[in-house]
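Take a look at the structure below.
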Amino acid sequence: MISVYVPVGPYAVYREYLSECIDSVRAQTVKPADILLIDDMAGLDEADYPDCRIWRAPWRLGIPAVNNVGVALAKTDLVLYCGCDDRLMPNCLEMCEQAWEKHHDPLGYYWLDLQYSTGETQALPTGHAMVHKDLWRHTGGYPPESAVGACDNIWVN
């Protein structure tokens, strides 16, 4: 099973599409083990997300640290990052499980294809990916210096 974590930053724009994002996680053909919201000073209300766990950052963490927290606090070893303005296709977790069964590489980085609102799709290694906690144990996760620029570039490089 796969845990899904969603970081939510402090500005209103981070919450604009959050309900659609969570609805897409709930609508998976393979249900997630848990949905973890990382409240990075967003002020989320538990009553609005009754089937999600919420972890509140003690101070503004930023994307690299939020990703490290999301992986660390996930209930399962397989963990999928989903941006708060993203929507997963209904079979996303099913396909992630199939990729895991095929490769079984705990140090692998299982990224997702992107589909834009225009319908165009693109296969890119980005931060939107499924990882195994062993990858974080092996690498130490995102380093603090990856806070400058797109932190997913750290994995591409």
**OP:** Kindly state each residue pair satisfying salt bridge (Lys or Arg N to Asp or Glu O under 4.0 Å) with at least one member in residues 2-13, sequence neighbours excluded.
**Re:** none
Subject >> For A33, side-chain contact (heavy atoms from CB on, under 4.5 Å) partners two or more places apart >> reply: M1, S3, T76
Original post:
Shortest non-hydrogen contact from G9 to A42?
Top reply: O-CB, 3.1 Å
Subject >> Contact summary for Y5 and V66, nearest pair of heavy atoms >> reply: CE1-O, 4.1 Å
Original post:
D39 side chain to W55 main-chain N or O, any donor-acceptor pair under 3.5 Å?
Top reply: no
Original post:
Would you find a donor on one side and an acceptor on the other, under 3.5 Å apart, between the side chain of Q28 and the backbone of C92?
Top reply: yes
Subject >> Residue pair D85, C21: steps toward the side chain to side chain contact (heavy atoms under 4.5 Å, CB included) verdict >> reply: CA-CA 6 Å; D85 60 347; C21 170; over 6 Å; no
Original post:
Between the main-chain N or O of D105 and the side-chain N or O of Y110, is there a donor-acceptor pair closer than 3.5 Å?
Top reply: yes
Original post:
Quick one: side-chain hydrogen bond (donor to acceptor under 3.5 Å, both in side chains) partners of D86, sequence neighbours excluded?
Top reply: H128
Original post:
Given side chains that start at C-beta, do those of V69 and L61 come closer than 4.5 Å, heavy atoms only?
Top reply: yes
Subject >> With sequence neighbours excluded, residues passing side-chain contact (heavy atoms from CB on, under 4.5 Å) with S24 >> reply: R87, L88
Subject >> Residues D77 and R137 bridged, charged N to O under 4.0 Å >> reply: yes
**OP:** May I have the step-by-step check of side chain to side chain contact (heavy atoms under 4.5 Å, CB included) for Y81 and V71, ending in yes or no?
**Re:** CA-CA 8 Å; Y81 163 69; V71 172; over 6 Å; no
Side-chain donor-acceptor distances from residues 93-104 under 3.5 Å, at least two apart:
residue	atom	partner	partner atom	Å
E94	OE1	T29	OG1	2.6
W100	NE1	H104	NE2	3.2

**OP:** Not counting sequence neighbours, list each pair that qualifies as a salt bridge (Lys or Arg N to Asp or Glu O under 4.0 Å) and has a residue in residues 46-55.
**Re:** R26-D51, D34-R53, E46-R56
Original post:
Under 6.0 Å from the CE atom of M89, do we count more than 12 heavy atoms belonging to anything else shown?
Top reply: no
**OP:** For the residue pair L36 and I38, establish whether any side-chain heavy-atom pair is separated by less than 4.5 Å.
**Re:** yes
**OP:** Mind running side chain to side chain contact (heavy atoms under 4.5 Å, CB included) on L80 and L112 for me, showing each step along the way?
**Re:** CA-CA 10 Å; L80 178 73; L112 307 175; 3.8 Å; yes
Original post:
Considering all heavy atoms of both residues, which atom of A74 and which atom of V79 are nearest to each other, and what is their separation?
Top reply: CB-CG2, 3.5 Å
Original post:
If we ignore angles and hydrogens, is there a donor and acceptor under 3.5 Å between the side chains of D40 and Y14?
Top reply: no
Subject >> Atom of L135, atom of L107 and distance for their closest heavy-atom approach >> reply: CD1-O, 3.5 Å
Original post:
V4 and C82: which non-hydrogen atoms are nearest, and at how many Å?
Top reply: CG1-CB, 4.1 Å
